[in-house]
Amino acid sequence: AGLDEADEAVRGTCEDASVCKRFAVSVGYWKDPYIQYFVRQAKERKAPEINRGYYARVHGVSYLIKAFLKKTDCNCQIVNLGAGMDTLFWRLKDENLLPRKYFEVDFPMIVARKIHNIKSKPPLSKPIMESHSGDSLLIDSHSLDSSRYSIVGADLRFSSDLEEKLKKHNLDIHLPTLLVAECVLVYMTPQQSANLLKWAASTFPVAMFINYEQVNMTDRFGQIMIENLQRRQCNLAGVEICRSLDSQRERLLLNGWETARAIDMMKVYSFLPQADVKRSCKHNILIYLLEGTREPRSHSNCLLLETRSQK
Ligand code: SAM
């Protein structure tokens with residue numbers, strides 16, 4: 001595939017992620033009143049292991065984000081890299097947990113779609129207006145900048161352009177900063193993701209990076225994911241780095257981060273609220289019967305990674 005087609009394929013993964021999340025929300029795995037405004041309902045049921053995987057992913061990532069917000073008393077900023085149709089800004093506002101400013105970055109084409117949804121749907125635009133003070137709310141088809149929420153259209157492979165655009169929206173590199181990449185780095189070559197990690201480590205004096213992505217793609221689930229990427233004609237170079245938790249840790253340590261920790265999703269799953277796990281298991285038994293799936297698939301091929309840079 002040519003470069004543009006490969007990028008188009010990567011942009012398609014944003015739709016995949018939100019459709020799966022919306023489906024899991026619609027069958028009660030977790031609450032998200034906002035996702036319905038960003039994507040259509042799935043045409044078919046999703047397999048229970050997919051729902052459970054997304055549940056653990058969303059729960060795990062927001063658990064770490066909230067821990068950072070509490071530790072900094074919300075005197076911090078969040079930069080969500082490759083945010084797609086993520087709804088975290090609205091969910092944090094509902095919980096009174098907004099950071100000083102919440103930034104999102106994605107390809108300009110994805111950002112345009114997100115802004116179009118925000119503009120046309122009051123349940124999305126109202127919370128942005130409510131959290132805005134002062135007069136300069138900037139909104140055009142490719143960027144939005146309010147006092148607490150900003151969306152930037154940029155390519156994560158070009159960090160100087162990224163930094164310039166974020167700074168135009170008042171990014172403050174001296175605030176404690178949480179960078180989040182949920183299923184994003186895998187779509188770049190090892191060199192490109194290394195550059196992004198290096199940029200983040202050298203730009204923010206106090207920062208943490210949450211990376212969620214697949215590891216150990218040699219098992220059955222990994223093969224299914226690779227086939228899916230191939231079908232979409234995505235660039236598979238990023239898969240190479242995702243061999244093990246150790247290779248993930250090493251990548252961060254080699255690119256300017258001082259400590260790195262990685263845990264696999266089986267562990268995250270065991271930390272989930274037990275009431276939810278029991279509820280979702282009961283729910284799953286039903287769906288298994290309906291859908292005829294016999295065994296739950298292992299999620300040990302996903303990882304959640306937490307790192308810290310302190311200089
Ligand atoms: N983080 C969101 C989530 O978990 O729901 C979306 C995940 S989706 C699998 C990957 C996202 O990363 C897509 O929205 C895609 O457009 C974005 N992305 C991938 N490579 C990018 C790049 N080079 N520049 C900007 N965005 C990128």
Side-chain angles (χ1 to χ4, degrees), residues 1 3-25 29-30 32 34-35 37-39 42 46 50-51 53-62 64-65 78-91 102-115 117 142-143 151-163 165-166 178-197 199-200 209-214 225-226 228-229 232-239 242 265 302-305:
L3 246 192
D4 284 356
E5 285 159 48
D7 284 358
E8 185 53 36
V10 171
R11 286 191 288 266
T13 64
C14 155
E15 174 94 1
D16 288 351
S18 342
V19 169
C20 289
K21 286 181 182 177
R22 178 168 176 179
F23 182 79
V25 165
Y29 278 82
W30 72 95
D32 182 343
Y34 303 103
I35 187 110
Y37 302 116
F38 287 114
V39 276
K46 301 284 173 192
I50 298 206
N51 297 329
Y54 272 97
Y55 170 58
R57 162 173 163 182
V58 168
H59 189 88
V61 171
S62 55
L64 290 178
I65 292 177
I78 295 178
V79 184
N80 193 333
L81 303 165
M85 298 297 139
D86 198 281
T87 57
L88 190 66
F89 167 79
W90 291 269
R91 290 181 282 131
Y102 185 95
F103 296 87
E104 290 185 343
V105 183
D106 211 298
F107 283 121
M109 219 186 258
I110 299 285
V111 163
R113 200 193 312 158
K114 191 158 193 175
I115 291 176
N117 287 328
H142 285 87
S143 75
I151 318 184
V152 170
D155 188 327
L156 299 170
R157 294 168 293 191
F158 303 105
S159 53
S160 54
D161 178 57
L162 169 68
E163 181 172 335
K165 286 177 171 162
L166 286 169
L178 177 62
L179 298 119
V180 182
E182 187 182 325
C183 274
V184 174
L185 301 187
V186 71
Y187 300 108
M188 294 179 205
T189 66
Q191 189 58 50
Q192 289 162 345
S193 56
N195 286 344
L196 182 65
L197 292 170
W199 165 78
F209 199 111
I210 298 174
N211 178 36
Y212 173 99
E213 80 186 322
Q214 301 75 3
M225 157 121 195
I226 288 178
N228 187 19
L229 292 177
R232 290 189 161 284
Q233 301 192 309
C234 283
N235 183 336
L236 285 173
V239 170
C242 305
M265 291 306 287
C302 293
L303 108 138
L304 196 63
L305 191 79

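Atoms within a ligand are numbered from 1 in the order they appear, just like the ligands themselves.
- Going from atom CG of D32 over to atom CZ of F38 covers 9.0 Å, rounded to the nearest 0.5 Å.
- For the salt bridge (Lys or Arg N to Asp or Glu O under 4.0 Å) test, residues two or more places apart in sequence or in another chain that qualify with R11 are E8.
- Under the 4.5 Å side-chain criterion, counting only non-hydrogen atoms from C-beta, R157 is not in contact with T189.
- Note that CH2 of W30 is 11.5 Å distant from NE2 of H59, once rounded to the nearest 0.5 Å.
- Protein residues are said to neighbour a ligand when one of their heavy atoms lies under 4.0 Å from it; for ligand 1 these are V10, R11, T13, C14, A17, K21, R57, G82, A83, G84, D106, F107, I110, A154, D155, L156, R157, E182, C183, V184, Y187.
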### Query
ring-ring contact (aromatic ring centres under 6.0 Å, His included) between Y37 and W90: does it pass, once the steps are laid out?
CA-CA 12 Å; Y37 302 116; W90 291 269; 9.5 Å; no
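- Counting only heavy atoms from C-beta outward, the side chains of V111 and S143 never approach each other to under 4.5 Å.
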